[in-house]
Amino acid sequence: DAKTTQPPSMDCAEGRAANLPCNHSTISGNEYVYWYRQIHSQGPQYIIHGLKNNETNEMASLIITEDRKSSTLILPHATLRDTAVYYCIVRSLYTGGFKTIFGAGTRLFVKA
Amino acid sequence: NAGVTQTPKFQVLKTGQSMTLQCAQDMNHEYMSWYRQDPGMGLRLIHYSVGAGITDQGEVPNGYNVSRSTTEDFPLRLLSAAPSQTSVYFCASSYTTSGVNEQFFGPGTRLTVL
């Protein structure tokens with residue numbers, strides 16, 4: 001599976017949009033982009049995934065560039081409870097027995 | 001559904017002791033895995049299983065054994081605990097091993113080895 005690169009930390013003001021970037025320049029055609037987050041030592045929580053189209057759910061939006069080499073997770077109105085570590089993961093659709101590898105992630109601080 | 005459950009929540013061991021961390025899921029998921037997370041670090045994959053009777057190594061398997069005799073349970077065994085194994089251990093499961101699906105994580109077991 002392709003590797004990802006994320007900034008180690010970011011700040012965001014409460015009520016503003018948080019835009020978390022992820023670089024996955026070696027992504028291949030059958031690999032999806034997944035985002036998870038981990039709030040203060042709890043187990044990670046799934047947020048969203050996508051292949052090449054932009055995706056939106058009740059938690060966030062995912063914007064994937066046309067060449068698929070990078071993506072951005074958008075939390076439209078960040079709250080203090082969104083302070084967490086956010087992980088961007090790339091994983092093959094077809095791997096039989098996949099290994100989901102987590103990197104270091106981005107630590108997002110939402111400030112009042 | 002209880003989801004993914006882990007026991008114990010906390011454990012303190014002495015160097016050389018052995019123990020088993022328990023993980024169970026009631027969602028009939030094929031895929032289960034174990035991760036460890038050291039302070040300030042991301043998760044590292046220890047072992048995973050794609051179904052009952054099938055296990056494989058992840059990134060950091062040394063010092064750990066696993067087995068998968070049932071779909072529901074995936075215990076992690078520390079054979080001879082070392083201080084380097086002090087960490088938080090997370091178990092995860094997902095419905096299938098292929099296709100698009102999310103992983104569900106347990107609450108974690110916080111292990112200290114003295």
Side-chain angles (χ1 to χ4, degrees), chain A residues 1 3-9 20 22 27 29-53 55 57-60 62 64 73 84-109, chain B residues 2-6 9-10 21 23 25 27 29-61 68 87-111:
Chain A
D1 291 337
K3 292 187 177 179
T4 63
T5 304
Q6 298 177 253
S9 66
L20 292 93
C22 179
I27 194 170
N30 64 10
E31 289 181 319
Y32 276 71
V33 180
Y34 287 77
W35 283 83
Y36 285 76
R37 74 179 183 183
Q38 186 176 24
I39 297 174
H40 186 54
S41 73
Q42 297 177 20
Q45 173 192 24
Y46 164 82
I47 300 173
I48 198 168
H49 70 271
L51 183 62
K52 54 185 177 182
N53 298 320
E55 302 288 345
N57 63 20
E58 65 278 4
M59 291 181 67
L62 174 60
I64 302 174
L73 179 74
V85 178
Y86 288 77
Y87 297 99
C88 171
I89 297 158
V90 173
R91 197 175 76 210
S92 171
L93 174 65
Y94 300 113
T95 303
F98 55 74
K99 300 180 185 182
T100 299
I101 304 298
F102 285 74
T106 295
R107 189 172 295 274
L108 176 68
F109 296 95
Chain B
V4 180
T5 58
Q6 292 183 238
K9 285 187 169 56
F10 300 92
L21 308 186
C23 174
Q25 52 88 11
M27 298 174 282
H29 284 174
E30 284 184 357
Y31 179 86
M32 297 185 74
S33 56
W34 277 102
Y35 293 86
R36 62 175 287 175
Q37 186 172 37
D38 299 331
M41 306 287 287
L43 286 84
R44 290 186 291 170
L45 182 65
I46 304 172
H47 285 285
Y48 66 99
S49 169
V50 301
I54 306 169
T55 64
D56 206 347
Q57 296 181 349
E59 303 172 89
V60 288
R68 184 97 179 269
S87 191
V88 180
Y89 291 84
F90 291 101
C91 178
S93 73
S94 63
Y95 182 60
T96 69
T97 59
S98 61
V100 181
N101 59 88
E102 64 180 280
Q103 286 198 86
F104 296 83
F105 283 81
T109 293
R110 283 145 186 81
L111 176 68

Of the non-hydrogen atoms in B/Gln103 and A/Phe102, which two are nearest, and what is the gap between them? NE2-CE1, 4.4 Å
B/Phe105 side chain reached by A/Gln42 side chain, heavy atoms, under 4.5 Å: no
Going from CD on B/Glu102 to OH on A/Tyr34, what distance comes out if it is rounded to the nearest 0.5 angstrom? 9.0 Å
Taking only residues two or more places apart in sequence, or in another chain, which ones meet B/Met41 in a side-chain contact (heavy atoms from CB on, under 4.5 Å)? B/Asp38
Restricting to non-hydrogen atoms, name the atom on A/Tyr87 and the atom on B/Gln37 that form the minimum distance, rounded to 0.1 Å. OH-NE2, 3.2 Å
Between B/Gly108, B/Ala92, B/Pro107, B/Gly42, which has the largest tally of heavy atom pairs under 4.5 Å with chain A? B/Gly42
What part of B/Arg110 lies closer than 4.5 angstrom to a heavy atom of chain A: side chain, backbone, both or neither? side chain
